[in-house]
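Values below: all heavy atoms of this structure, side chains included; hydrogens, waters and symmetry mates excluded.
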Amino acid sequence: MELLQLKYFQAVAQCENMTLAAKTLRIAQPAISQSISRLERELGCPLFTRYGKRIRLNACGTLLLQRLPSILGAIDNEKIELSELSNNPKQHICLNVLSCSSFLPKLLQSFRQKYPSTSFNLIQNPQASEYDICLSSIPSAEAGKLDMVLMEEEMLLAVPRSYTAASDSISMDDLTGADFISLNKGSAFRAVTDYYCQKAGFTPNIIFESDNPSIVRGLIGMGLGVAFWPQITWGAVHDDFVKTLHIKDLDCRRSVLISVSKGKQITGTVQLFLTFAKEFFSDLASGVTRTGL
């Protein structure tokens, strides 16, 4: 099957007339007839029903026409990607990682398997302005103000296993005065923590703060306080001393975002990464939904 055959088929399907389609394409009518005949032989089924000089799509032809935009679109995307790699054999992306660092190795590994000529400079600086792409998070209620939303996830509350709770959920009112553990002020995670506590009418009593999520998780496990726990990016709790609870009186969710630095030109490689990241996180969120985590 050739690309030209598909384009000829599309023209004939739209015109419902071989001669008119040939004139539209500015080619000889026998050439388009032969192309359609070869396509039907290769597919093993007729695509049109003939009514004298006029033709109409049959069921097989209708199905192919419906699928054609995605087929041609995929081919065009591949041509763009191949051209990008051919014309720019060495590409570099500066990525500012303010959220979801636990999934970064897998994301970069998957991307470089497909685009091995791309290199990365990874930074973690909320004040940085010299970067290409930023990965961050904000409360879902605020997500409409920024660029591309990669996914949304529930913010659970992680508590020591000894914490007394009547069910698998807790009210924000019960957390007034509780000892919180969080990342440092200025981080995306801390901003989400402060936001939802303030929505509940109090300022969190932060007794431990760190720039390392694994330390935060460790402190929770030691029974030293409570903390918000991103359901997808932090995953299931693998600690006998920690459990997670749903927050029942406030829709605590955060949006994972990806954005391009202001004033930066979106090059082909940057666009490829934006598209790839969206698909990566979409698959990630779908997997969590299917498994019920």
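- When hydrophobic clusters are built by joining Ile, Leu, Val, Met, Phe, Trp and Tyr residues whose side-chain heavy atoms come closer than 4.5 Å, directly or via intermediates, Leu20 is not grouped with Ile27.
- Side-chain contact of Arg112 with Ser119: a donor-acceptor pair under 3.5 Å is absent, judged by distance alone.
- The shortest side-chain heavy-atom distance between Leu257 and Leu135 does not fall under the 4.5 Å cut-off.
- The line from CG of Leu183 to OG of Ser210 is 6.5 Å long, rounded to the nearest 0.5 Å.
- By the 30° and 60° cut-offs, the orientation of the rings of Phe273 relative to Phe111 is perpendicular.
- A salt bridge links Arg254 with Glu153; the closest basic N to acidic carboxylate O contact falls under 4.0 Å.
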(request) Show your working on side chain to side chain contact (heavy atoms under 4.5 Å, CB included) between Val216 and Trp234 and close with a plain yes or no. (result) CA-CA 11 Å; Val216 171; Trp234 283 19; 4.1 Å; yes
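- Of the possible donor and acceptor atoms, one in the side chain of Lys278 sits under 3.5 Å from a partner among the backbone N and O of Val149.
- Of all heavy-atom pairs between Cys100 and Thr233, the closest is SG-CG2, 3.2 Å.
- Scored by the ring-ring contact (aromatic ring centres under 6.0 Å, His included) test, Phe208 finds no partners at all (sequence neighbours excluded).
- For the 3.5 Å distance criterion, the side chains of Arg56 and Thr49 fail to qualify, holding no donor opposite an acceptor.
- Between the side chain of Arg50 and the main chain of Phe48, a donor-acceptor pair closer than 3.5 Å is present.
- Looking at Leu150 and Met148, their side chains come closer than 4.5 Å, going by heavy atoms from C-beta outward.
- Atom CG of Asp283 sits about 10.0 Å away from atom OG of Ser110, to the nearest 0.5 Å.
- Under the 4.0 Å criterion applied to side-chain N and carboxylate O atoms, Lys114 and Glu279 are not assigned as salt-bridge partners.
- Ile232 is not connected to Leu98 by any chain of hydrophobic side-chain contacts under 4.5 Å among Ile, Leu, Val, Met, Phe, Trp and Tyr, and they are in different clusters.
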(request) Could you go through the side chain to side chain contact (heavy atoms under 4.5 Å, CB included) check for Gln10 and Leu6 one step at a time? (result) CA-CA 6 Å; Gln10 187 178 46; Leu6 295 176; over 6 Å; no
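- Nearest heavy-atom pair, Ile55 versus Glu16, reported as atom, atom and distance to 0.1 Å: O-CB, 3.2 Å.
- Taken together through direct or relayed side-chain contacts under 4.5 Å among Ile, Leu, Val, Met, Phe, Trp and Tyr, Ile123 and Leu95 form parts of separate hydrophobic clusters.
- Scanning all heavy atoms of the two residues, the minimum distance from Gly186 to Pro126 falls at O-CG, 3.7 Å.
- Judged by distance alone, with hydrogens and angles left aside, the side-chain atoms of Thr275 form a donor-acceptor pair with the main-chain N or O of Gln271 at under 3.5 Å.
- Put simply, the side chain of Val159 reaches to within 4.5 Å of the side chain of Leu157, judged on heavy atoms.
- Counting heavy atoms from C-beta outward, Val226 and Asp179 have side chains that stay 4.5 Å or more apart.
- The nearest pair of heavy atoms linking Pro46 to Asn58 is O-ND2, 2.9 Å.
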(message) For a side chain to side chain contact (heavy atoms under 4.5 Å, CB included) check, start with the C-alpha distance between Lys199 and Leu250, then their side-chain angles and the critical distance, and finish with the verdict.
(response) CA-CA 8 Å; Lys199 289 283 286 186; Leu250 193 61; 4.0 Å; yes
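- We find the CZ-CG distance between Phe180 and Asp194 to be 9.5 Å, quoted to the nearest 0.5 Å.
- The backbone N or O of Gly235 lies less than 3.5 Å from a partner atom in the side chain of Trp229, making a donor-acceptor pair.
- Looking only at atom types and distance, the side chain of Asn212 has a donor-acceptor partner in the side chain of Ser214 under 3.5 Å away.
- Interatomic distance, CD1 of Ile247 versus SG of Cys252, reported as 4.0 Å (0.5 Å rounding).
- Residues forming a side-chain contact (heavy atoms from CB on, under 4.5 Å) with Ser182 (at least two apart in sequence, or on another chain): Phe189, Arg190, Thr193, Ile206.
- Pairing each heavy atom of Thr19 with each of Asn17, the nearest pair is N-OD1, 2.9 Å.
- To the nearest 0.5 Å, atoms CZ (Phe9) and CD1 (Ile36) are separated by 7.0 Å.
- Side-chain contact annotation: Ser255 with Ser140, donor-acceptor N/O pair under 3.5 Å present.
- No hydrogens or angles considered: nothing links the side chains of Ser101 and Gln124 as a donor-acceptor pair under 3.5 Å.
- Ser99 approaches Ser137 most closely through the heavy-atom pair OG-OG, 3.3 Å.
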(request) Under the salt bridge (Lys or Arg N to Asp or Glu O under 4.0 Å) rule, what do Lys185 and Glu209 come out as? Steps first, then yes or no, please. (result) CA-CA 8 Å; Lys185 187 173 283 292; Glu209 56 184 352; over 6 Å; no
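- The backbone N or O of Asn96 lies less than 3.5 Å from no partner atom in the side chain of Asn125, so there is not a single donor-acceptor pair.
- When each of Leu43, Leu47, Leu65 is tested with Cys60 by the rule side-chain contact (heavy atoms from CB on, under 4.5 Å), just one qualifies, namely Leu47.
- Considering only heavy atoms from C-beta on, Tyr131 stays 4.5 Å or farther from Asn121 through its side chain.
- In this structure, Ile258 and Leu274 have side chains that are in contact, with non-hydrogen atoms separated by less than 4.5 Å.
- Cluster annotation: Leu104 is connected to Ile133 through the hydrophobic network of ILVMFWY side chains, with a link wherever side-chain heavy atoms come within less than 4.5 Å.
- No donor-acceptor pair under 3.5 Å is formed between the side chain of Asp168 and the backbone N or O of His246.
- Within the 3.5 Å criterion, the main-chain N or O of Met172 finds a donor-acceptor partner in the side chain of Asp249.
- In summary, Glu154 and Arg253 do not engage in a salt bridge, as defined by a charged side-chain N under 4.0 Å from a carboxylate O.
- Taken to the nearest 0.5 Å, the OG atom of Ser261 stands 7.0 Å off from the CD atom of Glu130.
- Leu25 has its side chain within reach of Tyr8: a pair of non-hydrogen atoms, C-beta onward, lies under 4.5 Å apart.
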(message) With ring-ring contact (aromatic ring centres under 6.0 Å, His included) as the criterion, how do Phe281 and Phe276 come out once you've worked through the C-alpha distance, each side chain's angles and the decisive distance to 0.1 Å?
(response) CA-CA 9 Å; Phe281 278 93; Phe276 189 90; over 10 Å; no
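- Contact annotation: the side chain of Thr269 never approaches that of Tyr115 to less than 4.5 Å [non-hydrogen atoms, C-beta and beyond].
- Inspection of the Asn184 and Asp211 side chains reveals no N or O donor paired with an N or O acceptor under 3.5 Å.
- Remark: side-chain polar atoms of Asp132 are paired, donor with acceptor, to backbone N or O of Cys94 under 3.5 angstrom.
- Residues meeting the side-chain contact (heavy atoms from CB on, under 4.5 Å) test with Ser129, sequence neighbours left out: none.
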